[in-house]
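A short write-up of the structure that comes next.
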Amino acid sequence: MRILLMGHPNVGKSVVFNRITGANVTESNYPGTTVDYEKGYVRIGHEEMEVIDVPGTFSLEPKDKAEEVAVKMLERNKDSVVVCVIDSTKIERGLYLALEIIERGSRVVVALNMWDIAEDKNINIDVEKLRQILGVPVVPTIAVSGEGIKELVSRISGATSVKIESVMKNVGGN
Amino acid sequence: MEKKLSEMKYGEQGIVKSIKGDLRNKVAGMGIRVNKRIRMATKQPIKGPVVITVDESNISLGLGIAENITIEVEK
């Protein structure tokens, strides 16, 4: 099984990546572009999983080459689990991308990264409520110190895909 | 007072009133949506892009995009 790390540029995807995979990192070049992605491995239970650090993207409507790579990777790995890394201090934009990924039918785990910075800025996020609304695992993380990474990894194998309609229903929208 | 984003002056802030057509989806990924508070950060001369602050991050938009976003500017 594959794990894709997706999120905006500069939310800490690569730090999460290094935390999850440890030192076992290889780098490769995606054909046709100059954008690099990184690949590593993690053992969950008895299964060895490939983890891919996808280039940062703001949305799934690509505006440049790097974003095109990100979208293509998602499309080519429909059966993979997407760990959507969100900057907790800019959660709204991050959730937009997370919802786009959920809408495409991928299994998603949300990592609310930079949790400590959000706390410093007095940004309170109701994780339990977010979990209920999205219907996917939501884990606060501080990648630089490693906090929450263990829980994040433990949620990956149990991730399921969610219908966007049910998210809309939970949030009370139309 | 309502203004086009492209007509806002340096330092002015306001709430996004409307975004024309399919531009909505294009700017949504950058955190710009109706009812969102924004602030003009920098404006480049000679039809250059505008830089606005949304959720504490700066985003630059081409004038063509900025012309299609209407803002309720606060006094």
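Lettering follows sequence order; numbering is per chain, from 1.
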So, B/Asp55 versus B/Ser57: side-chain donor-acceptor pair below 3.5 Å or not?
no
Just wondering, do A/Val51 and A/Lys39 contact through their side chains at under 4.5 Å, heavy atoms?
no
Smallest heavy-atom separation, B/Ala41 atom then B/Asn58 atom, equals CB-OD1, 4.2 Å
Indicate yes or no: does B/Lys3 engage B/Glu72 in a salt bridge with an N to O separation below 4.0 Å.
no
How many angstroms lie between atom CG of A/Leu112 and atom CD1 of A/Ile123, to the nearest 0.5 angstrom?
11.5 Å
A/Arg43 side chain near A/Met49 side chain, heavy-atom distance below 4.5 Å
no
Interface residues of residues 6-21 of chain B facing chain A - non-hydrogen atoms under 4.5 Å apart:
none
